[in-house]
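So the structure is just underneath, and the comments pick up after that.
A, B, ... follow the sequence lines: proteins, then strands. Residue 1 opens every chain.
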Protein chains: 2
Amino acid sequence: MKMSEGVEWALHTCVNLSWTDPGEAVPAARLAEVFALPTAYLAKHLQALARAGVLISTTGPRGGFRLARDPGDITLLDVVTAIEGPEDAFRCRQILKDGPGGRPDVDYRRTCTVSQAMRRAELAWRAELAGQTIADIRRTVEQRDPAAAPATREALR
Amino acid sequence: MKMSEGVEWALHTCVNLSWTDPGEAVPAARLAEVFALPTAYLAKHLQALARAGVLISTTGPRGGFRLARDPGDITLLDVVTAIEGPEDAFRCRQILKDGPGGRPDVDYRRTCTVSQAMRRAELAWRAELAGQTIADIRRTVEQRDPAAAPATREALR
DNA sequence: GTACGGTTACTCGGATACCGCATGTCCGAGTTGATGTGG
DNA sequence: CCACATCAACTCGGACATGCGGTATCCGAGTAACCGTAC
């Protein structure tokens, strides 16, 4: 079970975008340059964020990506879901259907005890992610390293 | 982010083993037969469980797998970790090292705010998994479907 | 000075290769139980 | 009847193929800014 590397890129990039002028878009190439990431591949993930409504993309000169809404309204879960997709990590294949006493007409994704236990764990994970926003991350970073915000803003100029 | 299908197999198989005579080992072929699973591939996962100390394997006639300890002492986290490995799903690549003001001598896996937030979510997930045991699953199943235990015991005879 | 049309450069977007890991399978090593024999 | 050596069958264990999704890249479509020209 490995989460896509793009999640890390996306989260850091969203924090970086929260430090820029909200009206101004930043090209993917500039955003990738900050962390020395492969431009095209980062762009692919940013496109996913745009499809999910987290970012807004603009083409042409002075175009690029910008946050679609206030950083306080973008949760970590929003970003993770945009990159990883909405499906759970644990996917019940309903093997109980082939087990002793298994019924073909029962949806074991809902009734199977194992499936429920795994789902409960994932809900706890999602709840933790939904409880923090990009603004929270930004605030913590600013408290720990006051130089981060200006330095990033400069790098994205 | 997709969890190995083997986790589902392993969890159900552990519950099934908890219904058998603790002293008796069950061959992988028999365990696979219950859910119509590919024998060799299930065996591969059971070997991982044995390496992790969840199961005990015995070779030769009358051999097979059996639980290494009381079902109440086997948490879901034990099983998941045995199959998926000990690493977190989110793995901090420390891209901050290449960012503005990044220092090569800092371990960003510990200090990066994004990494910490993701880690906090995974800890919540692990805590939920560690809070439930194979015995808990078994008890719930027995309450919901009293016929399950005898039927499985018969299938593993 | 201003409005406007053409041009240019810039950016995203999706289509296209590549690679590593999960999936799936197979045969050999080791062990246990059974069996037959001799005492 | 019992002990023991041999045999045979059974089981795990790791080594060997295969497919799919994450990784990485590229080129084309579309757009906005710029510039020159005409009024």
Quiz item: salt bridge (charged side-chain N to carboxylate O under 4.0 Å, His left out): which pairs involve residues 48-65 of chain A, sequence neighbours left out?
Solution: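 Those involving residues 48-65 of chain A are A:E24-A:R62.
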Self-check item: salt bridge (charged side-chain N to carboxylate O under 4.0 Å, His left out) partners of residues 110-121 of chain A, not counting sequence neighbours, each pair once
Solution: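 Those involving residues 110-121 of chain A are A:D88-A:R119.
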Practice problem: Check side chain to side chain donor-acceptor pair (under 3.5 Å) between A:D136 and all other residues, then give those that pass, not counting sequence neighbours. | Solution: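 Expected list: A:T133, A:R139.
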Exercise. State which residues pass side chain to side chain donor-acceptor pair (under 3.5 Å) with B:E5; sequence neighbours excluded, sorted by chain then number.
Key: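 Testing B:E5 for side chain to side chain donor-acceptor pair (under 3.5 Å), a comparison that skips the adjacent residues, returns A:R93.
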For [X], what residues pass the side chain to side chain contact (heavy atoms under 4.5 Å, CB included) criterion, not counting sequence neighbours?
X	answer
A:A68	A:I56
A:T59	none
B:A36	A:D98

Self-check item: Whole-Å distance separating the CG atom of B:L42 from the P atom of D:dG13
Solution: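 After rounding, the reported distance stands at 13 Å.
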Quiz item: Rounded to whole angstroms, how far apart are CZ on B:R91 and C1' on D:dT23?
Solution: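 Interatomic distance, CZ of B:R91 to C1' of D:dT23: 15 Å.
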Quiz item: Contacts to DNA chain C from residues 57-64 of chain B, heavy-atom cutoff under 4.0 Å, which residues?
Solution: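 Going residue by residue through residues 57-64 of chain B, the ones with a heavy atom under 4.0 Å of DNA chain C turn out to be B:T59, B:G60, B:P61, B:R62.
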Quiz item: Which of residues 11-19 of chain B sit near DNA chain C, with a heavy atom under 4.0 Å from it?
Solution: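 Contacts with DNA chain C under 4.0 Å: none.
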Under 3.5 Å, side-chain donor or acceptor atoms of residues 73-83 of chain A against the rest of the protein: list the pairs with distances, not counting sequence neighbours.
from	atom 1	to	atom 2	distance (Å)
A:T75	OG1	A:L77	N	3.4
A:T75	OG1	A:D78	N	3.1
A:T75	OG1	A:D78	OD1	3.4
A:T75	OG1	A:D78	OD2	3.1
A:D78	OD2	A:R69	NH2	3.1
A:D78	OD2	A:T75	N	3.0
A:T81	OG1	A:L77	O	2.8

Exercise. Assign B:A28 to base, sugar-phosphate, or nothing according to its heavy-atom contacts below 4.0 angstrom with the strands shown.
Key: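 The answer is sugar-phosphate, as B:A28 gets under 4.0 Å only of primed atoms, P, OP1 or OP2.
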Practice problem: Pick base, sugar-phosphate or nothing for B:R51, based on heavy-atom distances below 4.0 Å to the nucleic acid. | Solution: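 Answer is sugar-phosphate: B:R51 comes under 4.0 Å of backbone atoms only.
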Practice problem: Using the side-chain hydrogen bond (donor to acceptor under 3.5 Å, both in side chains) rule, collect all pairs that involve residues 147-157 of chain A, keeping only residues at least two apart or in two chains. | Solution: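 For residues 147-157 of chain A: A:E154-A:R157.
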Quiz item: Can B:E142 and B:W19 be counted as having a side-chain donor-acceptor contact under 3.5 angstrom?
Solution: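 Judged by distance alone, the side chains do pair up.
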Any N/O pairs under 3.5 Å between the protein and nucleotides 19-24 of chain C? List them or say none.
from	atom 1	to	atom 2	distance (Å)
C:dT23	OP1	B:E5	N	3.1
C:dT23	OP2	B:S4	OG	2.6
C:dT23	OP2	B:Y41	OH	2.9
C:dT23	O5'	B:Y41	OH	2.9

